[in-house]
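Since the structure is predicted, the reported quantities are computational estimates derived from the model, not experimental observations.
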Amino acid sequence: MRGDLDYIAAWHVDRRTGVAGALKPGLDDAALDAMEAELGCKLPRELRALWRWRNGHPDTSTVHSFVWYHQLMPADEAMQQYRSLRSQHLLDWDRSWFPVMFFQEEWYFVECASATVEASPLMFYFTESGPQEAYRSLTSYFATARETMENGGVSVDGPDAEMDGDIKVAAAAHAKYNPGIAFPYYVPE
């Protein structure tokens, strides 16, 4: 996963999006252990590795998203979102679901478990349709994103330009890294 994260960060540097410079420094294990203590469960090792690498980036209204249009939430913001989602009785947000990325009424989340696991399926939650498995793991999510970027499926030129995407290129990369899992977005013929 680390190679894919470094590639994506370098992609942003090359395109002057402002994202790489806005990524927060990584967290130490003590901060992640404190999160787990509050949650009462264990985060997957790959999520801990992600937040040790970089602790997300600020609101996407000030910079582009790290991957297409989803904000890679800092750990403290993910905890706030988790608390908020758990308190909203209109949503069926399970106690074990921990959000990692966000865009409007969409979340990508992993499962927090009683025992430490290497990876969790990366699930997608949209308020209109509920939860569904979207990626095999965070690792496959970032591999999908890297391949999409390498193949021109995401483009942007500078901090003021819109980030654009080719859903067909993204869907093809998704199929490669997540066999048997439906792509979470509509792909036109």
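Once rounded to the nearest 0.5 Å, the distance linking CD of E77 with CG of N55 reads 10.0 Å. Taking CH2 of W11 as the reference point, atom CD of E150 lies at 12.0 Å (rounded to 0.5 Å). Once rounded to the nearest 0.5 Å, the distance linking SG of C112 with CG of L39 reads 5.0 Å. Separation of atoms CZ (F66) and CD1 (I8) is listed at 4.5 Å; rounding is to 0.5 Å. Here the straight-line distance linking atom CG of D29 with atom CD of E36 works out to 9.0 Å at 0.5 Å rounding. Here the CG atom belonging to D166 is positioned 9.0 Å from the OG1 atom belonging to T148, to the nearest 0.5 angstrom.
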- request: For side-chain contact (heavy atoms from CB on, under 4.5 Å), just list the numbers for T144 and D4, CA-CA rounded to whole Å, side-chain angles, deciding distance to a tenth of an Å, and then say yes or no.
  value: CA-CA 9 Å; T144 300; D4 294 326; over 6 Å; no
message: Is there a side-chain contact (heavy atoms from CB on, under 4.5 Å) between L72 and V67? Walk through the geometry before answering.
response: CA-CA 8 Å; L72 179 58; V67 175; over 6 Å; no
- prompt: Do N178 and S140 pass the side chain to side chain donor-acceptor pair (under 3.5 Å) test, and can you show the C-alpha distance, the side-chain angles, and the key distance before you say yes or no?
  reply: CA-CA 7 Å; N178 304 279; S140 72; 2.6 Å; yes
task: Go through the steps to decide whether S65 and Q71 satisfy the test side chain to side chain donor-acceptor pair (under 3.5 Å), and finish with yes or no.
output: CA-CA 5 Å; S65 300; Q71 177 192 5; over 6 Å; no
query: Step by step, would you call Y125 with E106 a side chain to side chain donor-acceptor pair (under 3.5 Å)?
result: CA-CA 6 Å; Y125 187 99; E106 299 177 1; over 6 Å; no
- request: Carefully, step by step, assess D28 and R52 under the rule side-chain contact (heavy atoms from CB on, under 4.5 Å).
  value: CA-CA 6 Å; D28 61 21; R52 280 194 307 267; over 6 Å; no
I181 vs Y135, side-chain contact (heavy atoms from CB on, under 4.5 Å): CA-CA, chis, key distance, verdict: CA-CA 7 Å; I181 300 173; Y135 294 83; 5.8 Å; no
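For W107 and F124, the distance between ring centers is not under 6.0 angstrom. Two rings, from H70 and Y108, have their centers less than 6.0 Å apart.
With Y177 as reference, E147 is the one residue of R146, R136, E147 to meet the side chain to side chain donor-acceptor pair (under 3.5 Å) rule.
F109 is not listed as a side-chain neighbour of L85, based on a closest heavy-atom distance of 4.5 Å or more. Residues R45 and V117 have side chains not in contact (no heavy-atom distance under 4.5 Å, counting atoms from C-beta outward). Residues I167 and Y186 fail the side-chain proximity criterion, which asks for heavy atoms closer than 4.5 Å. The side-chain heavy atoms of P44 and L138, taken from C-beta on, include no pair separated by under 4.5 Å. Side-chain atoms of M123 and V110, non-hydrogen and from C-beta on, never get closer than 4.5 Å to each other. Within the 4.5 Å cutoff, the side chain of V100 has no heavy atoms near those of the M73 side chain. For the pair R83 and E38, the minimum side-chain heavy-atom distance is below 4.5 Å.
Here the shortest heavy-atom pairing between H57 and L23 reads CB-CD2, 3.9 Å. Taking both residues in full, the closest heavy atoms of C41 and A113 are given as CB-O, 3.3 Å, listed atom of the first, atom of the second, then distance. Q132 approaches P184 most closely through the heavy-atom pair NE2-CA, 3.5 Å. When all heavy atoms of V156 and T17 are compared, the pair lying nearest together is CG1-CG2, 3.4 Å. Between K168 and V187, the shortest heavy-atom distance links the atoms CG-CG1, 3.8 Å. Contact record, W51 with A75: CZ2-CA, 3.7 Å, taken as the closest heavy-atom pair.
A salt bridge links D33 to R48: at least one charged side-chain nitrogen sits closer than 4.0 Å to a carboxylate oxygen. Ion pairing between E111 and K42 fails under the 4.0 Å rule for side-chain N and carboxylate O.
Taking a 6.0 Å sphere around CZ of R54, one finds it holds more than 12 heavy atoms contributed by other residues, nucleotides or ligands. Within 6.0 Å of CD in E118 there are more than 12 heavy atoms belonging to other residues, nucleotides or ligands.
No donor-acceptor pair under 3.5 Å is formed between the side chain of H174 and the backbone N or O of V169. Using a distance-only test at 3.5 Å, with no hydrogens or angles considered, no donor-acceptor pair links the side chain of N151 to the main chain of G153. Distance alone, capped at 3.5 Å, places no donor-acceptor pair between the R86 side chain and the Y82 backbone.
Note on V13: it does not cluster hydrophobically with L5, by side-chain heavy-atom contacts below 4.5 Å among ILVMFWY residues. A single hydrophobic cluster is seen to contain both W97 and F103, as judged by linkage of ILVMFWY side chains at heavy-atom distances under 4.5 Å, directly or through other members.
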